[in-house]
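As structure tokens, the structure follows; a few thoughts come after it.
None of these values were measured; they are calculated from a predicted model. We name chains A, B, ... by the order of the sequence lines, and we start the count at 1 in each one.
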Amino acid sequence: MEGELGQSSKEESVTAIVLILVGPPGSGKTTFCNDVTKSARRPWVRVCQDTIANGKAGTKLQCLNSAFEALKDGKSVFIDRCNLEKEQRIDFVKLGGPLVDIHALVLDLPAKLCISRSVKRTGHEGNLQGGRAAAVVNRMLQKKETPKLSEGFTRITFCQNESEVQAAVNVYSELGPKDNLPSGCFGQKTSDTKVQLGIMRFLKKVENPDKTVSENSLMGVKSSDIKVAEGKEVVERNLGPEISLDDVPTLAFPSISTADFQFDHEKASEVIVEEVEKFLNKVKIVRLVLVDLTHGSHMLSLVRAKAAKINLDSTKFFTLVGDITRLNSETGLRCTVIANAANWRLKPGGGGVNAAIFNAAGQALETATRECAGTLSPGRTVIVPLPPTSPLYEREGVTHVIHVLGPNMNPQRPNFLHNDYTKGCRILREAYSSLFENFKSLVNSKIAMKKEQPEDGLQLSDLPYDCAGTKPIDQIQNGDQKSKREGCYESESNKKCKGTSSGSVQKSSNSNMAEFTESAKKTWASWAQALYDTAMHPDRHKDSVIEISSDTVVLNDLYPKAKKHLLILARVNSLDCLADVCKEHLPLLKTIHSAGLKWAKEFISADASLVFRLGYHSVPSMRQLHLHVISQDFDSIHLKNKKHWNSFNTSFFLDSVDVIEELERRGEVTLNDERLLSMEVRCHRCRSAHPNIPRLKAHISKCQAPFPASLLQNGRLFSGTS
DNA sequence: GTTCTAGAAC
DNA sequence: GTTCTAGAAC
């Protein structure tokens with residue numbers, strides 16, 4: 001079937017398009033098709049499952065047949081059905097071929113908007129009226145799987161609001177019969193709406209357990225249910241129509257000074273709301289979340305009431321009951337920066353938020369804090385970048401902690417203000433304003449990086465602030481503590497730690513902030529395409545290739561970093577790196593692993609002293625998924641620098657066994673930060689640190705220490721005795 | 001990914 | 001002086 005498609009138009013070599021619309025009822029799929037068709041410059045046929053059987057709902061097969069016929073006629077096709085799950089799209093993607101491009105248009109509009117449109121709708125072809133719409137939309141969104149290029153799409157457009165939809169309408173209606181659109185992903189991805197639902201449930205559970213709307217009743221049919229879901233204050237505050245959870249830089253902060261420092265709640269809540277308002281007037285795209293662990297927190301309700309009174313934008317500022325150290329894992333709320341209610345010595349302990357954050361972040365935060373500041377005075381704040389090795393970074397995605405020291409009204413604690421609230425309020429204002437400004441600087445620093453790397457795909461016009469507005473560290477650190485090196489998380493033995501605060505936040509935290517915005521799919525420089533070319537055309541690389549199968553190509557690394565160093569390439573198009581890997585690739589990854597093991601065995605049979613490790617780089621330099629099979633002698637003239645060493649000997653290197661295990665368990669792979677590559681170099685056996693690569697190499701040529709226990713487990717190392 | 005090289009570190 | 005790193009160019 002695929003082979004025949006597009007044949008009739010082959011002479012003119014016109015490429016037809018199958019545009020698969022992806023969106024829940026009420027997202028505007030049909031409207032989109034109609035709008036494009038109205039002024040289209042190429043023939044389009046809309047295939048709608050709701051009406052395909054003589055105006056009534058039909059089957060997917062009928063849709064496929066109808067699309068196939070239209071393509072045979074040289075027409076382009078809209079697939080107008082929800083297509084939210086990969087499984088529902090897969091057969092339509094198969095319509096693609098040499099003369100048929102498969103595009104997706106993701107209508108990622110706010111769930112609330114889709115629900116209200118569906119509810120209001122009376123003449124919709126799918127008969128999705130009334131209260132049932134809310135149930136259906138919610139249920140569908142929970143199962144939503146964002147389309148990926150790896151499914152077989154040549155182009156995916158994401159629309160999060162009406163203006164982006166209109167832009168897409170323009171693009172497709174202006175597309176002439178012989179025109180093509182560039183491949184790739186366009187428009188930022190929003191969070192999955194199921195995450196929003198996760199938060200909604202969490203909030204209902206903790207904020208108001210008695211009046212909780214059960215999932216069943218939310219999915220029920222009464223319109224009153226929708227009222228409850230939409231009308232409840234807490235839900236409304238957190239599910240406003242403009243929210244897209246993942247992409248907005250978010251700061252989570254505790255109430256400063258109101259716990260152990262016994263600051264008056266009424267006054268503190270006033271300061272918070274006023275400072276938040278001031279900040280949000282200045283900054284466009286950020287979110288601030290006030291977090292408190294206690295159910296029915298007095299502070300949160302005071303702040304909520306005051307925020308509502310002045311109509312603070314509830315999508316930019318809201319309150320949340322939860323553990324500030326577990327926001328991502330427990331509520332799905334991703335906060336890259338969190339604030340800590342610190343003590344003046346910036347030490348762990350003391351209970352409350354400070355103890356919780358230092359506990360959760362591990363020793364790494366203590367060390368990193370020491371590198372940035374010795375002490376803090378009231379009203380001041382200091383930014384501490386979290387090392388990627390910190391559990392808080394790994395598990396929660398927190399890249400920075402900003403320590404804040406608030407005013408103290410507790411006679412038992414240092415800097416007691418003797419109930420001088422004039423001074424107290426001034427200091428508290430300073431503390432919040434400094435916190436928010438520091439947060440802003442971090443976000444700006446991320447943007448500064450994007451500005452330098454336009455190939456990342458982020459449009460400057462999308463940026464929330466003026467890129468020129470970044471401040472050097474000495475201005476933003478805003479503390480009277482002795483300023484130390486920003487961004488230092490390496491051991492004291494590293495020479496670079498001797499630096500002062502002359503560096504800038506921008507430079508040191510660029511990669512920290514890499515998660516603030518999701519960039520479009522990576523573009524690969526020409527030199528990075530060699531493996532891709534080898535995987536696609538192994539016959540052209542006969543000098544380096546040593547084995548070809550239907551799924552893999554095996555070759556010797558051109559610049560081996562050890563006595564034996566092989567690469568096993570996946571022979572799949574658009575599987576560039578681990579970030580592209582999903583559950584469907586499990587069999588392939590297992591095949592690759594077996595091929596690697598087979599070769600390791602062969603080498604070991606020739607030289608029994610060899611020990612092998614099989615794994616992937618978190619962020620490879622070369623395109624095309626490739627497994628490294630590398631002997632652990634690292635005896636090679638090509639191993640020349642820190643990056644070479646650390647790419648195989650830090651958690652940047654992900655063991656194949658662990659990748660497969662995580663893929664089975666979670667359906668995706670957790671990648672580690674590129675900053676690991678510039679960390680100090682340590683022996684992979686005895687873990688001793690070395691000042692430079694020549695000294696490290698001299699050491700590893702002699703070191704006979706046993707491998708660390710972690711490597712000896714789960715078959716991560718493979719030797720003659722394995 | 002590598003090569004080249006300026007300049008930092010020793 | 002030599003050694004080594006790190007950034008730019010490819």
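Separating the CG atom of A:D557 from the P atom of B:dG1 is a distance of 8 Å, rounded to the nearest angstrom. Put simply, CH2 on A:W527 is 14 Å from P on C:dA8, counting in whole angstrom units. Nucleotide C:dG7 holds its P atom 11 Å from the NZ atom of A:K643, rounded to whole Å. Atoms CG (A:N646) and P (B:dG1) sit 13 Å apart, rounded to a whole Å.
Of the residues in residues 559-568 of chain A, those lying under 4.0 Å from DNA chain B by heavy-atom distance are A:Y559, A:K561. Within residues 623-641 of chain A, the residues having any heavy atom closer than 4.0 Å to DNA chain B are, in order of number, A:K640.
Side-chain contact check for A:S656 versus A:L589: every heavy-atom pair is 4.5 Å or farther apart.
Nearest to the side chain of A:S621, among C:dT5, B:dG1, C:dA6, sits B:dG1.
Aromatic ring pairs are classed by plane angle as parallel below 30°, tilted from 30° to 60° and perpendicular above 60°; the pair A:F648 and A:H628 is perpendicular. Using bins of under 30°, 30° to 60° and over 60° for the plane-to-plane angle, the ring pair A:F652/A:H617 lands in the tilted bin.
Scored by the ring-ring contact (aromatic ring centres under 6.0 Å, His included) test, A:H103 finds A:Y172 as partners (sequence neighbours excluded). Residues passing the ring-ring contact (aromatic ring centres under 6.0 Å, His included) test with A:H638 are A:Y559, sequence neighbours excluded. For the ring-ring contact (aromatic ring centres under 6.0 Å, His included) test, no residue two or more places apart in sequence or in another chain qualifies with A:F153.
Counted by atom type alone, A:T369 and A:H403 present one or more donor-acceptor pairs between their side chains at under 3.5 Å.
Within the structure, salt bridge (Lys or Arg N to Asp or Glu O under 4.0 Å) contacts touching residues 616-635 of chain A (residues at least two apart or in different chains) are A:D576-A:R623.
For A:H644 and B:dT2, the shortest distance from a side-chain N or O to OP1 or OP2 is below 4.0 Å.
Counting any heavy atom pair closer than 4.0 Å across all strands shown, A:L558 reaches no nucleic acid atom.
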